[in-house]
Protein chains: 2
Amino acid sequence: MAQTTVVRQSLKDQVKSILIDRLISGDLAPGDRIKELQVARELGTSQAPVREAIRCLETLGYVEHIPHVGAMVRVFNKGEIEEAYEVREALEVHSISLVREPLDALVSELDKHLDEMRAATRKRNIRMFTQADNAFHRSIVAYCGNATMLAMWDSLKVQMQVIATLIKASMPLDEVYSLHPPIVEAFRKHGRERASVLLRGHYTMLGGYWESTA
Amino acid sequence: MAQTTVVRQSLKDQVKSILIDRLISGDLAPGDRIKELQVARELGTSQAPVREAIRCLETLGYVEHIPHVGAMVRVFNKGEIEEAYEVREALEVHSISLVREPLDALVSELDKHLDEMRAATRKRNIRMFTQADNAFHRSIVAYCGNATMLAMWDSLKVQMQVIATLIKASMPLDEVYSLHPPIVEAFRKHGRERASVLLRGHYTMLGGYWESTA
DNA sequence: TTCCTTTCGATTATCGATAATGTATGGCTG
DNA sequence: CAGCCATACATTATCGATAATCGAAAGGAA
């Protein structure tokens, strides 16, 4: 049997997942309008679940909604992207100082993601690189053991991924990669505080790559 | 004329505002169920807008929603509260280092909130104290000029306020107050970095007050 | 009694239809 | 021809009703 259980997820959640997929894949690009009835007909549901899913995305900040007009995929300008990076940095820098000993588990996970990034660089697979890059930073936040912190970080991730899908071309992967090993090294040899210092300013270095698309 | 314009806000937004007010005022306490049709009848609307408002609160993390069962005001345990404080600290510490010169405007605003806190302490008005305390910390984040950062901070504020309304009694206001002036002083005399150091650990000192309600 | 099953009441989830609203079109007027 | 108003259209916002689902109460068997 291909299907072990029946679909046990509300229509709203299914619609939401589908829309997020389209957002990340770039199928829905910033500026695109999302029409409730159109999506409803497309997915074979009524307007209500679609509407709920969209409002959910709105609360999450992925789409912009104008009353009586409709929803459109949010357009992030350069400033907003930089802001998001700044918040990421704040969360990650603080998370590092909260990571509990022993640090071995985290370090080995970071190493794993470094491998993935190198592999992606060789293949020039930007999608894969972005995923590994995200996973690298996420694991730092995850290992501090603060679920609220991680939830906040995650709420920024989709924004980042939407962007990354958009401006794939302008990132020199090897340069971006080279920013990461020193952090792991500092972790391994000097502990949390030193790694924290290195992480600070990590994102400001990335700012330049967005210039062309401002 | 008492009313200058007609009500020009969607029912969903009105319902949402009303529910948030009830949350903050403690009218809706953690654990309380929120029934869609009941609220709808009470406010004279149909189920749909209420439903949307509730789902919005769900996404914001204020209510917990179980499919086919219903929504209830989220119960925060001690751990989650500490986590939220930790995130607040991360955002605020980082924000301080981003505040642009000159610092005069921020310092005078902080002074204003200190006054409010003192006044609230004299009157033993806990609600007022909480507001001033919140305003104090919020202005630090506001002055860094990062709207995304501020939005994140705000998303934690309602949680905090719900809690504060709950466990009003256990806070010795003068002690909580005394944590704040040194921060302003450090700001005035030694600049951002010194203030940043003082703010770090600010919230861990507050941890003890929640012990009794864990 | 205790456990399992069934039934019932309450509530949410979804639907289809209608009202409200904003935007674009085209004609009228100067 | 330009500017303005009215109309038509597209879309969202809201409604009332129905279907799906869950939890508790009632009933029966071991």
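First the proteins, then the strands, lettered A, B, ... as listed; each starts at 1. Owing to the predicted nature of the structure, the values given are computational and were not obtained by experimental measurement.
Only A:T45, A:S46, A:Q47, A:A48, A:P49, listed by number, bring a heavy atom of residues 39-52 of chain A to less than 4.0 angstrom from any atom of DNA chain C.
Checked by atom type and distance alone, the side chain of A:E52 never pairs as donor or acceptor with a backbone atom of A:K12 at under 3.5 Å.
When the nearest nucleotides of DNA chain C are assigned to A:P67 and A:K12 by heavy-atom distance, the more 5′-ward of the two goes with A:K12.
The OG1 atom of B:T59 sits 10.5 Å away from atom NE2 of B:H65, with the distance rounded to the nearest 0.5 Å.
When the P atom of D:dC22 is taken as reference, atom NZ of B:K35 falls 18 Å away, rounded to whole Å. A:H65 places its NE2 atom 8 Å from the P atom of D:dT12, with the value rounded to the nearest Å. Taking atom NE2 of B:H68 as the reference point, atom P of D:dT21 lies 6 Å away to the nearest angstrom. Here the C1' atom of nucleotide D:dT12 and the CD atom of A:E58 are 13 Å apart, to the nearest Å. Protein atom CZ of A:R33 is 7 Å distant from nucleotide atom P of D:dT11, rounded to whole Å.
Protein chain B touches strand DNA chain C; the 5'-most and 3'-most nucleotides with an atom under 4.0 angstrom of its non-hydrogen atoms are C:dT11 to C:dG22.
The nearest pair of heavy atoms linking B:V75 to B:G31 is CG2-N, 3.7 Å. Of all heavy-atom pairs between A:Y177 and A:F129, the closest is N-CZ, 3.9 Å. The minimum heavy-atom distance between B:L98 and B:M149, with the atom names listed, is CD1-CE, 4.2 Å. Between A:V176 and A:D133, the closest heavy-atom pair is CG1-OD2, 4.0 Å. Closest approach of A:G145 and A:R100 over heavy atoms only: CA-NH2, 4.1 Å. For the residue pair A:C144 and A:S95, the shortest heavy atom distance occurs at CB-O, 3.5 Å.
Within 4.0 Å (heavy atoms only), B:I34 reaches sugar-phosphate atoms of the nucleic acid but no base atom. Within 4.0 Å (heavy atoms only), B:L37 reaches at least one base atom of the nucleic acid.
Look at A:R55 and A:E58 and you find a salt bridge, because one of the NZ, NE, NH1 or NH2 atoms lies within 4.0 Å of a carboxylate O, short of that distance.
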